[in-house]
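Basis for what follows: all heavy atoms, side chains included, without hydrogens, waters or symmetry-related copies. Being a predicted model, the structure only gives us computed values, none of them experimental.
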Amino acid sequence: MTGIELVKISREVLKTLSENDIKISDVKHIELYAEYERMLSMRLKVTYIVEHLSERYGISVAQIYRIISRFKRTIKI
């Protein structure tokens, strides 16, 4: 399979992601967000969670907040 074939097959999903400012590279943050949700369900403070995730994943606090924001946003289809 070539790159163009994969893009053609995934055209609608990629278009929706693009229109909603979701980055394809966000796939690597799925586990991070799952950990965020788990810690949130334990009623930990968001500030603590974000600091913890920042240290654990080596990502800035601001970037963690941006990832969370993108993943929580309602998608327009």
Same cluster (ILVMFWY, side-chain, under 4.5 Å), I22 and I68: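 Each belongs to a different hydrophobic cluster.
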Shared hydrophobic cluster for F71 and I59 (ILVMFWY, side-chain gaps under 4.5 Å):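 In one cluster with F71: I59, yes.
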Look up atom [atom1] in [X] and atom [atom2] in [Y], then write down how far apart they are to the nearest 0.5 Å.
| X | Y | atom1 | atom2 | value |
| --- | --- | --- | --- | --- |
| I64 | S69 | CD1 | OG | 13.0 Å |
| K76 | E19 | NZ | CD | 8.0 Å |
| E37 | L40 | CD | CG | 8.0 Å |
| I49 | M42 | CD1 | CE | 8.5 Å |

Short side-chain to backbone donor-acceptor contact, [X] and [Y], under 3.5 Å:
| X | Y | answer |
| --- | --- | --- |
| S10 | V13 | no |
| E5 | T2 | yes |
| S41 | R38 | yes |
| T16 | I77 | no |

To check you understand the geometry: which heavy-atom pair defines the closest contact between [X] and [Y], and what is its length?
| X | Y | value |
| --- | --- | --- |
| Y57 | E35 | OH-OE1, 3.0 Å |
| S60 | S54 | C-OG, 3.8 Å |
| N20 | I75 | ND2-CG2, 3.4 Å |
| V46 | Y36 | CG2-OH, 4.3 Å |

Remaining members of hydrophobic cluster (4.5 Å side-chain criterion), L6: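 Besides L6, the cluster holds M1, I9.
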Taking only distance into account, with no hydrogens and no angle test, what donor-acceptor pairs under 3.5 Å do side-chain atoms of residues 23-30 form with protein atoms, sequence neighbours excluded?
residue: D26; atom: OD1; partner: R70; partner atom: NH2; Å: 2.7
residue: D26; atom: OD2; partner: K23; partner atom: N; Å: 3.3
residue: D26; atom: OD2; partner: R70; partner atom: NE; Å: 2.8

